[in-house]
Amino acid sequence: MTATEATEALIARISDLEPELRAWVHVDAEGARADAAALDAGPNRGPLHGVALGVKDLFAAAGLPWRSGSPIWKDRIAGFDAAPVALARRAGAIVLGKTVTTEFAGYKPSQTRNPVAPGRTPGGSSSGSAAAVAAGMVPLAFGTQTSGSVIRPASFCGVVGFKPSFDLIEPYGVTALARSFDTVGLFARDVPDVAFGIEALTGLALPLPTLAQAPCPMTLFRSAAWSKAEPDLLRAWDAFEADLIATGAQLHDTLPPSFVRALDPVLELHARIMAVEASEALAYEAEIAPDLLSAGLRAQIEEGRAVPPAQRHADRLALTRLRARAVSDLDPSAVWLTPSSCGAAPDFDASTGDPAFNRTWSLLGLPSCSVPLLSDDAGRPIGVQVVGAMGNDHGVLATANWLMQRLAGL
């Protein structure tokens, strides 16, 4: 297909589905058509030549709305491209439009519907990107993760979501929420597409050959969040473990005990640091228009402001030490499997879901990939989260790809 043909097909699909799905803040149909025509008329621009891209509305994209999910910025138009958008364009991608985000990447539910689980949330904060990919509106979309905002929507919408190692993709021009955790990630419908997108943005070589055996030993790790697992996850995870063992995959018994013990305070530590840093990142918005912030976000900002200096200092030290432990205690090639979410997507009006199974890896900055392997009794998707040691992005993606090849549909 030409870039124009591919782009027109996606514009038509968005036109059909968007009134119900509401995944987009703005669809730049004319801009995408012009870019596609220019690509068709010129030389190959790079690995993403002609590939349509959905851009989460936390990212600046020149000439397009940049609302960050808030009425405070309802009239803002970006005058430049965020670094990830510029890198994607340089690789030949076509920005099809801006996808819906929750308010400043927080927990307030957005307007977007879940295309594969009617009546349920698509998750947050990358709700529009996950839903647009799941509905076939776009093959690739940007997300961000501060606690669970790539992995959880991928789990709920039945797509692949990848949060790379912390700071792998330059975040300049992306609205910040918590600087210690904010990470740019990608959504696609399969693992090779995600890997290909990461290659195009970073220059890393991430080949994913078809493998008869798992690419490395794995660990099944239920984690400190297991008490949050819902009944549908408990049933699905038991079956998954049995299926995995039946493949003959080489499994380690556990992660290093010293490392696991060090994770005990992580859930509370992540939430506290996130609140402090959100109160700093959104200081301007909280000053000029506090009434336009949701009650939940105002409460989080107040919570962050109330953390005393001694606790802030102790938390920064704890974060630094935990990340150092993750490097010193883990084999650099380590990969483990844990749930992507507490269960299937909650009701649309209930919440965007609990990030309990994501907070630890976001705090440590480790690469993680959600693959749609499980489901509840009603067929609603639940993801398996593949996590790896810092910098082992290739091992995570290779393992995720093998799992999809061997276990998808079982």
- Item | Steps toward side-chain contact (heavy atoms from CB on, under 4.5 Å) verdict (T175, F59) | CA-CA 6 Å; T175 302; F59 295 65; over 6 Å; no
- Query: Roughly how far, to the nearest 0.5 Å, is CG of L403 from CG of L337?
  - Reply: 5.5 Å
- Message: Could you check whether R323 makes a cation-pi contact with F166, meaning its NZ or CZ is under 6.0 Å from the centre of the six-membered ring and within 45° of the ring axis?
- Response: yes
- Query: Where is the tightest heavy-atom contact between P139 and V51, given as atom of each residue plus distance?
  - Reply: CG-CG1, 4.0 Å
- Task: State the CG-CD1 distance between L373 and I382, to the nearest 0.5 angstrom.
- Result: 11.0 Å
- Message: Return the CH2 to SG distance between W402 and C216, rounded to the nearest 0.5 Å.
- Response: 10.0 Å
- Query: Would you say the side-chain atoms of K56 pair up with the backbone N or O of V174, donor to acceptor, closer than 3.5 Å?
  - Reply: no
- Query: Is there side-chain contact between D347 and D349, with heavy atoms separated by less than 4.5 Å?
  - Reply: no
- Please work out which of the three classes, parallel, tilted or perpendicular, describes the rings of W66 and F80, given edges at 30° and 60°. perpendicular
- Hey, are S68 and R76 close enough side-chain-wise for a donor-acceptor pair under 3.5 Å? yes
- Distance only, no hydrogens: is a donor on one side chain within 3.5 Å (strictly under) of an acceptor on the other, for T338 and Q385? no
- Message: Can you see whether F156 has R120 sitting over its ring - NZ or CZ less than 6.0 Å from the centre and within 45° of the normal?
- Response: no
- Are the side chain of R13 and the backbone N or O of A135 linked by a donor-acceptor pair below 3.5 Å? yes
- By side-chain hydrogen bond (donor to acceptor under 3.5 Å, both in side chains), which residues pair with R89, not counting sequence neighbours? D81
- Query: Would you say the side-chain atoms of E18 pair up with the backbone N or O of W24, donor to acceptor, closer than 3.5 Å?
  - Reply: yes
- Item | Nearest-0.5 Å distance that lies between atom CZ in R22 and atom OG1 in T112 | 8.0 Å
- Message: For the backbone of A212 and the side chain of R406, can you confirm whether one donor and one acceptor N or O come within less than 3.5 Å of each other?
- Response: yes
- Task: Assess whether atom CD of Q405 is packed by more than 12 heavy atoms of other residues, nucleotides or ligands within 6.0 Å.
- Result: yes
- Query: How about S155 and S370: does a side-chain donor come under 3.5 Å of a side-chain acceptor?
  - Reply: no
- Has the side chain of T7 got a donor or acceptor atom that lies under 3.5 Å from a matching backbone atom of R33? no
- Keeping the roles fixed (side chain from H270, backbone from V266), state whether a donor-acceptor pair exists under 3.5 Å. no
- State which residue, out of R67, E285, K108, fulfils the side-chain contact (heavy atoms from CB on, under 4.5 Å) condition with E103. K108
- Item | D28 side chain to G97 backbone, donor-acceptor under 3.5 Å | no
- Message: Keeping S127 on the side-chain end and G124 on the backbone end, is there a donor-acceptor pair under 3.5 Å?
- Response: no
- Item | Derivation and outcome, side-chain contact (heavy atoms from CB on, under 4.5 Å), residues L204 and L168 | CA-CA 10 Å; L204 291 181; L168 180 64; 3.9 Å; yes
- Item | Carboxylate-amine/guanidinium contact E241 R222, below 4.0 Å | yes
- Task: Report yes if some heavy atom in the side chain of N114 is under 4.5 Å from a heavy atom in the side chain of C157; otherwise report no.
- Result: yes
- What closest approach, in Å, do M390 and S165 show between heavy atoms, and which atom pair accounts for it? SD-CB, 3.6 Å
- Item | Closest heavy-atom pair and its distance - A130, P153 | CB-CB, 3.6 Å
- Looking only at side chains, do T146 and D182 share a donor and an acceptor under 3.5 Å apart? yes
- Task: Mind checking the CD1-CG spacing from I198 to L397? Nearest 0.5 Å is all I need.
- Result: 7.5 Å
- Query: Would you say the side chains of Y107 and S147 form a donor-acceptor pair under 3.5 Å?
  - Reply: yes
- Query: Hey, are the side chains of V387 and V335 touching, using non-hydrogen atoms and a 4.5 Å cut-off?
  - Reply: no
- Between T183 and K163, which heavy-atom pair has the shortest distance, and what is it? CG2-CG, 3.9 Å
- Do the side chain of H49 and the main chain of A91 share a donor and acceptor less than 3.5 angstrom apart? no
- Task: Check whether any side-chain heavy atom of I151 lies under 4.5 Å from a side-chain heavy atom of S341, and answer yes or no.
- Result: no
- Value rounded to 0.5 Å, distance of CZ in R359 from CG in L263: 14.5 Å
- Check the side chains of D57 and T101 for a donor-acceptor pair under 3.5 angstrom, ignoring hydrogens and angles. no
- Task: Determine, stepwise, if the pair T99 / V55 fulfils side-chain contact (heavy atoms from CB on, under 4.5 Å).
- Result: CA-CA 6 Å; T99 56; V55 177; 5.8 Å; no
- Task: Mark yes or no for whether R272, through its side chain, and R312, through its backbone, hold a donor-acceptor pair below 3.5 Å.
- Result: no
